[in-house]
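Please read all numbers here as calculations on a predicted model, not as lab measurements.
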Amino acid sequence: MKRKLPLFFIFILFPFFIHAQSLQDDVFQMLMEADQAAKRNHFQEALEITIRAKDLIGRTDEQIQLRMVRALIGLKNWDEALTQSAVFYRLSQSNSSYEYLQMQQMERIINENLQLENQAYQDALNFPSLSLCEKYFNNYPSGRNIAEVRVIYARVKADENLWQETLKVGSYAAYLKYVNSFASGLHAEEAGITIKEMDEKAYQNAVQKGTQTALNSYLSTYTNGNFRNEISVRLVERKDFDAFQQAKSTNYISDYENYLITYPSGKFASDANDILRNSYYRLGEEAYKAKKWSEAQKYFSKYLEKYPYGDKIDEVKRKNKKSFSMQNQSGLAFLGLQYQSLYPFGITFGRMNVGKSGFYTTFRANPEVLKFFSLSSIDSLSQNNYVYTGNYAETRFSFSLGPTFKLIYPLWIYAGIGLNYIHKIAETEEYDAFGGLIATHWTTSFDNAQFMLYPEIGLMFKPGSSLMFGYGIMRLNSENLHAFQLGFGIGSGSANSNAQKRREDRRAKQHNSVYWIYTNSSALNMAMSIGSLKTKGLGFYMSGGINSDLLKASSAIWEIDDAGNTTSIWGIARTGKTMQSNWGVSSGTTFKLLYPVWAYAGIGFVSSQQFDEVDEYDLFGDFYDTVWMKNTDQKNLFFSGEYGALLRIKAFSFRYGIKQLNGDRLKEWGIGFSF
C-alpha cells in the first residue's frame with residue numbers, strides 16, 4: 001500500500017507538470033520574440049510581448065523584468081525603467097548572475113539619462129525656447145517633466161507668435177500689448193526699447209506741432225507714455241490759447257463769457273475781463289441812449305454783477321436803476337370813443353409809445369349825418385309842388401390826426417390838426433297836383449357846404465395795461481370845444497418791458513398762412529375767397545362767386561327785351577316773374593389787427609342779368625311750355641366795395657363783412673380753412 005501511494009500522486013499531478021512545462025515553453029518562446037523585437041528597435045512591441053508573458057504566467061521573474069527594463073530604456077521611459085529595475089532587484093537571488101550584471105549596467109544608463117533629462121528640463125525652465133523644449137520632447141517623450149515642458153513650450157510658442165505679429169503691425173499699441181502680455185518674454189527688453197524710442201519720437205512731434213489735435217493724438221495713442229503729464233499741461237495751455245483766440249476772432253460777448261467760464265484763471269482771463277467790462281458798458285450805454293431799456297439793463301446788470309469795483313460803477317448803477325424803471329413802462333395801441341357837444345359821435349384810433357412818438361386819428365360826426373345819406377335834390381324830384389317848412393339842420397363831419405408824446409409816465413400829450421365839413425340841409429314838404437301832402441324830404445336845394453381847418457391839443461392818461469382816458473380842446477370858429485374820450489387797448493405801444501418781451505415771444509410763434517373760405521351773401525350766395533394772412537405787412541385776397549339763379553338761367557336759350565321782342569319762334573306771354581343771375585369778382589388787401597384777427601378791404605364788380613319768365617304757345621294758340629328768357633335790356637355792371645374781418649383759429653378761418661353794391665349794404669359771411 002505504501003509503495004502504491006507515490007504512484008497515485010504521480011498519476012494525479014502528471015498533467016499539471018505537463019501543463020507547467022508547456023507554459024514555461026510558451027513564456028520562453030515569447031521572451032525570445034521580445035529579444036528579436038528589441039534587436040529590430042521595436043521596443044514598444046518588445047514591451048507588449050513581455051507584459052503578455054507576465055500576464056500569461058500570472059507573475060514576473062528576473063527574465064521578464066530584465067527584458068521589460070531593456071524595452072523601457074529603448075522607449076526612453078527612464079522613470080518607469082528605474083521602477084521596474086527595483087522590482088528586478090527584489091526578485092534577484094544572486095548578485096553575480098549574468099542577468100544581475102546586465103541590470104546593473106542598464107541601471108547606470110537609466111540614472112545617467114535621468115540626470116540628463118533633469119538637466120534638459122532645467123534648461124527649458126531657465127532658458128525657455130522652442131528648440132530646448134523640442135529637444136526635450138525628442139529625447140524624453142515620456143519624461144517625468146513632460147507636462148511642465150509642454151506648458152513652457154505653449155508659453156514660448158504664444159510669445160513668439162505675438163512677437164511676430166507685433167513686428168508685422170509695428171505700432172506702439174502692438175508693442176505695448178506684447179509687453180503687457182509677456183512682461184518677462186523672450187523679446188520684452190527689445191520691445192521696451194522700441195516703445196521708449198516711439199514714445200520719445202511722438203513726444204517731439206506733438207511738441208513741435210503744438211496743436212490740440214497733435215497733443216490729443218499723443219495722449220490717446222501713448223496711454224503709458226512717459227510724457228503724458230507734460231503733454232496734458234501743454235494741452236490745457238493750448239486749449240486756453242485757442243479759446244481766447246476764437247473769442248477774439250468772432251468778438252462775440254458770449255464767446256468771451258464762455259472762455260471765462262471754462263478758464264476762470266486762464267492765461268488770458270485778465271484780457272477777457274477787460275474786454276467784457278468795456279463791452280458791457282458800451283453796449284449798455286448804446287441801448288440806454290436808444291431808449292432800449294431792457295437791453296440796457298441786461299448789460300448794466302452784468303457789469304454790476306461781474307465788476308462791482310469797475311471804474312464806471314456809479315454811472316452804471318444810476319443808469320441801471322433808470323433802465324429798470326423805464327422798462328416796466330408800456331405803451332398802448334387803442335381804439336376809443338370820443339364825445340364833444342357838437343360831435344357826439346367820435347371814434348379815435350392811435351398808439352401811445354414809450355420810447356418814441358406815436359400817432360392818433362379821430363373821426364367825428366353829429367346825429368344829423370344820418371340824414372345826409374337820404375338827401376334828395378329838388379331838381380331830381382318830380383314836377384310836384386314843394387314847400388320849405390323852415391326847419392334846417394347841419395350835418396357835420398370832422399377828421400383829425402397828429403402825433404402823441406409821453407410827458408411823464410403814464411401821461412401822454414397829443415396835438416394835431418383836423419378838417420371840418422359842415423353842410424346845411426332844409427326840410428321840404430312835397431304836394432301833388434291836388435294839394436295833397438305826399439312826403440317830407442331833407443333836401444339840398446341850396447349850396448351851403450363849408451370846409452375849415454382846426455387845431456386841437458389834449459392829454460391821454462393810461463391807468464392800466466389796456467385802458468385810456470383823454471381830454472382835449474378843439475379850436476373851431478374862434479371857439480374852444482371840449483372833447484372827452486375813453487379808449488381800450490387793442491395792442492401794445494412800443495416799450496422795452498418784460499411784458500413787451502412776452503408779447504414779442506408770442507408774436508414769434510405767430511405765422512403767416514393762406515386761407516380758403518366759402519362765402520355767402522344775398523347777391524352772391526355761392527362764392528369762394530382765397531388769400532394770405534401775414535403777421536407783418538399787407539396780404540392780399542381774391543374772391544369770386546355766383547348766385548344760384550345763374551344756375552337756373554343757364555338753360556335759357558331765348559332772348560327778350562323790355563318791349564317784348566323775342567328770338568323765340570313761338571307765341572309768348574310774360575308771366576310777370578323775373579330773376580337776377582349774378583356773378584362777380586373782387587380783390588383787396590388783408591392786414592392784421594390783433595392776432596388772430598385780420599381786417600380786409602377791397603373793390604370789385606358784379607355783373608347782373610335779368611331773366612323773364614315767359615309762357616310759350618304754339619301756332620294754334622295752345623300752351624306749350626314755361627321758360628326763362630334773357631332780358632337784353634336789363635343787363636348791368638355794378639362796382640362794389642367791401643370790408644370786414646377774418647378770424648383764424650388753428651386750421652379754420654371765418655369771415656364776416658359788408659359789401660356795398662348799388663347803394664345797398666349786403667352782409668356776407670364765410671367759413672373755411674387756413675394752411
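Counting heavy atoms of neighbouring residues, nucleotides and ligands inside a 6.0 Å radius, atom CE of M452 exceeds 12 of them. The environment of CZ in F673 is sparse: at most 12 heavy-atom neighbours from other residues, nucleotides or ligands sit within 6.0 Å. By the neighbour-count criterion of 12 heavy atoms within 6.0 Å, atom OH of Y409 is densely surrounded, having more than that number from other residues, nucleotides or ligands. Atom CD1 of I603 sits in a sparse spot, with 12 or fewer heavy atoms from other residues, nucleotides or ligands closer than 6.0 Å. Residue-environment remark: CG (L459) exceeds the threshold of 12 foreign heavy atoms within 6.0 Å. Environment of NZ in K306: crowded, with over 12 heavy atoms of neighbouring residues, nucleotides or ligands closer than 6.0 Å.
Here the closest heavy-atom approach between residue L304 and residue K317 is recorded as CD2-CG, 3.5 Å. Contact detail for S653 and S674: the closest heavy-atom pair is OG-CB, 3.2 Å. Heavy atoms only, all atoms of each residue included: G539 and S532 are closest at CA-OG, 3.5 Å. Contact between Y471 and H482 at its shortest, heavy atoms only, is OH-ND1, 2.6 Å.
Stacking of R655 on the aromatic ring of Y600 is recorded, both the 6.0 Å distance cut-off and the 45° axial limit being met.
Distance check: L476 CG to N420 CG gives 5.0 Å after rounding to the nearest 0.5 Å. In this structure, CG on N636 lies 8.5 Å from CD on Q609, to the nearest 0.5 angstrom. Put simply, CG on N366 and OH on Y343 are 7.5 Å apart, with the number rounded to the nearest 0.5 Å. Of the inter-residue distances, the one linking L283 atom CG with E295 atom CD reads 7.5 Å to the nearest 0.5 angstrom. Taken from OG1 in T250 to OH in Y256, the straight-line distance is 7.0 Å, to the nearest 0.5 Å. The CG atom of D562 sits 7.0 Å away from the CD atom of Q610 when rounded to the nearest 0.5 Å.
Ring-plane geometry between Y617 and F623 is classed as perpendicular, the angle between the planes exceeding 60 degrees on a 0 to 90 degree scale with a lower cut at 30.
Residues satisfying the salt bridge (charged side-chain N to carboxylate O under 4.0 Å, His left out) criterion with E286, sequence neighbours excluded, are R282. Listed by chain and residue number, nothing satisfies the salt bridge (charged side-chain N to carboxylate O under 4.0 Å, His left out) test with E616 (two or more places apart in sequence, or in another chain).
With hydrogens and angles left out, the side-chain atoms of D612 and T578 include no donor and acceptor closer than 3.5 Å. In the model, S400 has a side-chain atom that pairs as donor or acceptor with a side-chain atom of E456 under 3.5 Å. Side chains of Y515 and S529: a donor on one and an acceptor on the other come within 3.5 Å. Side-chain contact of N353 with T404: a donor-acceptor pair under 3.5 Å is absent, judged by distance alone. In this model, no donor atom of one side chain and acceptor atom of the other lie less than 3.5 Å apart for S521 and E668.
Between K635 and E559, no side-chain nitrogen of the basic residue sits less than 4.0 Å from a carboxylate oxygen of the acidic one, so the salt-bridge criterion is not met.
The backbone N or O of T361 sits less than 3.5 Å from a side-chain atom of T348, completing a donor-acceptor pair. No side-chain donor-acceptor contact under 3.5 Å links S568 to the backbone of W558. Of the possible polar contacts, one joining the D561 side chain to the A563 backbone as a donor-acceptor pair under 3.5 Å is found.
Partner of F451 under the ring-ring contact (aromatic ring centres under 6.0 Å, His included) criterion, out of F397, F399, Y421: Y421 alone.
Aromatic rings of W516 and Y541 (six-membered ring for Trp) have centroids beyond the 6.0 Å cut-off, not under it. The six-membered or imidazole ring of W293 lies near that of Y288, with a centre-to-centre distance under 6.0 Å.
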